[in-house]
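Accompanying notes for the structure given below.
For the numbers below, each heavy atom of this structure counts, side chains included, while hydrogens, waters and symmetry mates do not.
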Amino acid sequence: MENPPTILLVLALLCVSVVAATRTKLQSINNLDVVGICKSMVETQGYTCQEHQVTTADGYILGLQRIPKGRSGNEIADRQPVLLQHGLLMDASAWLLNPPDQSLAFILADNGFDVWLANSRGTNSSRGHPSLSPDDDLAYWDWSWDELASHDLPAFFQYVNNQTGQKLHYVGHSLGTLTALAAFSQEKLLNLLRSAALLSPVAYLGQMSSLFVRILMDVFLAEKLKLLGLQEFPNGQTQQLVEFICTLPGIDCSNLLATITGPNCCLSSSSKGALFKHFPEPTATKNFIHLSQMVRRGMIKMYDYDLEDTNMEHYKQPTPPAYNMTNIPKNVPLFLSYGLRDKLSDANDVGLLLDNLKDHDKDKLVVQCREEYAHMDFIISMNANQVVYDPLMAFLRLH
């Protein structure tokens, strides 16, 4: 049950945020994004990089970076394309935060793959639209991860296929695994897919153990933000909300990253510093509402408008359709790697996903459990190159 004093305090902070937001606009593009991810993060490490743009069926113009070869510059015929998809509140920089010998994007390029880095709609590299402005039009933010699965991923897949003439491998982290699993469960993208590697896989969220995030969702924070007209998250005053949550019993914000994601084992101070130069990236408040629904209800369904008539308008039924993970074809090559200390992709929720995959072809499913890993270890751990990326690349090469 919700705590009334807590809700009143949150609402008070939200009202302050709305008033302040009318005075100050959140800067939509930071200095690194003005020059682009290629120039700011890839070319500086000695790699060739190309900036591409992809337009979705509903008009969103998305940024996509390509690292076509390794730092040595050696040409390798028929490099297999790999599409990397980041998680929530991040962008393609997530794969580039460590030194080249520890960052998955660079490691793949140096090992003979043609690397493509996706940026979801709303992030600083993907804010274009022919008729909607992210700063001025609320309609720009009218989407959740449903649209990332139904529009963004198909646009990326088709573009990479068109550019390379090949099917592609897919690597997702966190939300980037949920969107892929949702698409696969509807038997989409499979004609363009070689294999999929899912790091910190998210499908079910009902047993998520991050108390910090559960408080945000249990007080219906995202829903209240949306009612107050804040369609983009985070907004310029989110820090006030974070500071308030950090005062609640049971919340230790001395290490905020660990409080939210779990006690990551192997992050260097430089990696964490690099992370917070790019985190958080914007997303839609509606996207947070959708994830909150999953946490509270423990199910994987499309966005619930909580009105039967509105659901009927969108889905032709009074409740939103479910994504059925058992519908994922049994011969799709899948590599799943999860951590026992992960507070977002909880091991119990991963267990539910694995139950759904229990009839998967045994030679098409690789499952790795890292006892010491939490959520962020999979993308910026100092030893992920050895304990996660080496077996991941061996899996890709098999397919």
Report yes if some heavy atom in the side chain of [X] is under 4.5 Å from a heavy atom in the side chain of [Y]; otherwise report no.
| X | Y | result |
| --- | --- | --- |
| V171 | Q85 | no |
| P320 | N311 | yes |
| H129 | D58 | no |
| M294 | M299 | no |
| D114 | T164 | yes |

Please lay out, stage by stage, how Q163 and R66 fare under the test side-chain hydrogen bond (donor to acceptor under 3.5 Å, both in side chains). CA-CA 11 Å; Q163 291 290 309; R66 182 186 193 182; 4.8 Å; no
Is it the case that over 12 heavy atoms from other parts of the model lie below 6.0 angstrom from the [atom1] atom of [X]?
| X | atom1 | result |
| --- | --- | --- |
| D309 | CG | no |
| Q317 | CD | yes |
| E308 | CD | no |

Please report the shortest heavy-atom distance between N356 and T326, naming the atom on each side. O-CG2, 3.7 Å
Scanning both residues in full, the closest heavy-atom pair of S209 with D342 reads OG-O, 4.1 Å
Regarding K286 and the six-membered ring of Y303, is the cationic atom NZ or CZ under 6.0 Å from the ring centre and inside 45° of its axis? yes
R79 NZ/CZ over F113 ring centroid, <6.0 Å and within 45° of normal: no
Please report the C-alpha distance between Y60 and H151 in whole Å, then the side-chain angles of each, then the deciding distance to 0.1 Å, and finally whether the side-chain hydrogen bond (donor to acceptor under 3.5 Å, both in side chains) criterion is met. CA-CA 9 Å; Y60 288 80; H151 290 78; over 6 Å; no
Residue pair W145, Y323: steps toward the ring-ring contact (aromatic ring centres under 6.0 Å, His included) verdict: CA-CA 12 Å; W145 63 260; Y323 293 99; 5.1 Å; yes
Donor-acceptor pair, distance only, cut-off 3.5 Å: does the side chain of N385 make one with the backbone of D101? yes
When you measure from the side chain of Q166 to the backbone N and O of V160, does any donor-acceptor pair fall under 3.5 Å? no
Intermediate values then yes/no, side chain to side chain contact (heavy atoms under 4.5 Å, CB included), Y338 and Y373: CA-CA 8 Å; Y338 68 101; Y373 265 31; over 6 Å; no
